> 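Please read through the structure below; I'll follow up with questions.
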Amino acid sequence: MAAKPDILVIIPVRPVQMKMLEEAYTLHRYDKAEDPDALLAEVGEKIRGIVTMGISPLTKETMAAMPNLEIVALGSVGYDTIDVEACGARGIPVTNTPDVLTDDVADLAMALTFDTLRGYSRGERYVREGQWRDEGFMAPTTSLTGKTMGIVGLGRIGKAIARRAEAFEMAIAYHGRRQQSDVPYAFHETPAGLASASDVLMLACPGGDATRGLVTRAVLDALGPDGHLVNISRGSVVDEPELLKALQENRIAGAALDVFENEPDIDEAFFVLDNVVLQPHVGSATRETRGAMAQLVVDNLAAHFAGKPLLTPV
Ligand code: NAP
């Protein structure tokens, strides 16, 4: 029997699929190693595949320690932390997990939209902390119906958010690198132009250098004191110190964030603000979706080692 291929696990998948991987491959647990560098030095030569997610850096230098690397299988759709160019130069395919997570991420985007406009988390605190009893009704919030949602990044997730927002009778506008001919929504050439036309600015574009700091002070000021920012994309897309200032100075009405610049050790200045909703990067984190994402990792690796076409190459 041929030896099982050696796989480096940087970020594991769900337990059921980890068992499948254990059966088919020899796994080297970088995620559990006391000294990950020492592990890499020891086994790098024989590694043929990597299992990780596009939230953890994978550099050209790290991959140089794996001269026999053949495939990088990501358990995420985003791949902004992966040096895909270096992989391409070495002929190493990268796979990700599109589509299977779209609905869950779009659901969270809507939940965050509701939360920042209607103040559900704030209301929860208001009840638990006794303010309702002691101070009476909470101040009125803001309705969704009839408002405009401006989506930065009208891709798979952006379109799923748009469909949901339309069901709540919101108008939709968007910004991307180009206008799409087959969508009925208003296109804006610039993020600031979109922000000034929006009540809710929804970020659903990829992270990485091309979108770093796309939400500047000027974009936040264009959104204005009645506007809300929702971010389910990547923390890097927002100039976070400027967002904090805009929230502290009430230059925007509120924000709801699933992603941050320095996860999970996020800026504690967020914790004391009442006009921000915080989530621990859980857009795709349901058992169903994480299972489907993990299965794509297993199936892409299986296809690769069987010499078959990959299911979801980047
Ligand atoms: P997608 O289908 O590739 O859509 C991305 C959209 O962003 C495209 O419509 C693209 O449109 C636009 N875009 C790309 N570069 C841009 C730029 N420089 N400026 C403005 N727009 C740009 O990807 P998806 O599956 O919808 O996923 C989108 C992102 O969501 C992922 O990359 C990931 O970062 C994030 N995500 C987050 C979670 C979470 O848990 N919070 C989960 C999954 C995904 P154009 O080509 O027309 O510019």
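We count residues from 1, following the sequence as given. Remember, it's 1-based here, ligands and their atoms both numbered in the order they're listed. This structure is a prediction, so every number in the text was calculated from the model and none was measured.
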> Would you call the rings of Trp132 and Phe137 parallel, tilted or perpendicular, taking 30° and 60° as the class edges?
tilted
> Can we say Glu23 and Lys19 salt-bridge, meaning some charged N sits less than 4.0 Å from an Asp/Glu carboxylate O?
no
> Please list, in number order, the atoms of ligand 1 under 4.0 Å from a heavy atom of Leu154.
9 (O)
> Please state which protein non-hydrogen atom is closest to atom 29 (C) of ligand 1 and give its distance, to 0.1 Å?
Cys205 O, 3.6 Å
> Using a 4.0 Å cutoff against the non-hydrogen atoms of Val105, which atoms of ligand 1 qualify?
42 (C), 43 (C)
> State, with a plain yes or no, whether a side-chain heavy atom of Val259 is found less than 4.5 Å away from one of Leu257.
no
> Which is closest to atom 5 (C) of ligand 1 in terms of heavy atoms, Pro206, Gly158, Pro191?
Pro206
> Between CG of Asp258 and CZ of Arg234, what distance do you get to the nearest 0.5 Å?
9.5 Å
> Should Thr102 be counted as touching ligand 1, given the test is an N or O pair under 3.5 Å?
no
> Salt bridge check: are Arg212 and Asp80 linked by an N-O gap of less than 4.0 Å?
no
> Do you know the tightest heavy-atom contact between Pro98 and Leu296?
O-CD1, 4.3 Å
> Report yes if some N/O of Arg156 lies less than 3.5 Å from some N/O of ligand 1; otherwise report no.
yes
> Could you find the nearest protein heavy atom to atom 43 (C) of ligand 1 and give me its residue, atom name and distance?
Val77 CG1, 3.5 Å
> Report the nearest protein non-hydrogen atom to atom 37 (C) of ligand 1: residue, atom name, distance rounded to 0.1 Å.
Ile232 O, 3.0 Å
> Under a 4.0 angstrom heavy-atom cut-off, which atoms of ligand 1 come close to Gly176?
20 (C), 21 (N), 48 (O)
> Under 4.0 Å from a heavy atom of Ala204: which atoms of ligand 1 are those, numbered in the order shown and with their elements?
28 (C), 29 (C)
> Would you call the rings of Phe305 and Tyr25 parallel, tilted or perpendicular if under 30° counts as parallel and over 60° as perpendicular?
tilted
> Considering heavy atoms of the protein only, find what lies nearest to atom 12 (C) of ligand 1 and give residue, atom and distance to 0.1 Å.
Gly153 CA, 3.7 Å
> For Thr211 and ligand 1, does the shortest N/O to N/O distance drop below 3.5 Å?
no
> Which atoms of ligand 1 are found less than 4.0 Å from any heavy atom of Ser284?
40 (O)
> Is the number of heavy atoms from other residues, nucleotides or ligands under 6.0 Å of Glu249 CD greater than 12?
yes
> So with a 6.0 Å cut-off around CD of Gln179, is the heavy-atom count from everything else above 12?
yes
> Using a 4.0 Å cutoff against the non-hydrogen atoms of His281, which atoms of ligand 1 qualify?
39 (C), 40 (O), 41 (N)
> Do any nitrogen or oxygen atoms of Gly155 lie less than 3.5 angstrom from nitrogen or oxygen atoms of ligand 1?
yes
> Distance to 0.1 Å, residue and atom name: give those for the protein heavy atom nearest to atom 46 (O) of ligand 1.
Arg177 NH2, 2.7 Å
> Regarding Asp239 and Thr216, do their side chains bring together a donor and an acceptor under 3.5 Å, going by distance alone?
no
> Indicate, as side chain, backbone, both or neither, the part of Arg234 found under 4.0 angstrom from ligand 1 when only non-hydrogen atoms are considered.
side chain
> Return the residue, atom name and 0.1 Å-rounded distance of the protein heavy atom closest to atom 30 (O) of ligand 1.
Ile157 CD1, 3.7 Å
> For residues Ile11 and Leu39: do they belong to one hydrophobic cluster (side chain heavy atoms under 4.5 Å, members Ile, Leu, Val, Met, Phe, Trp, Tyr)?
yes
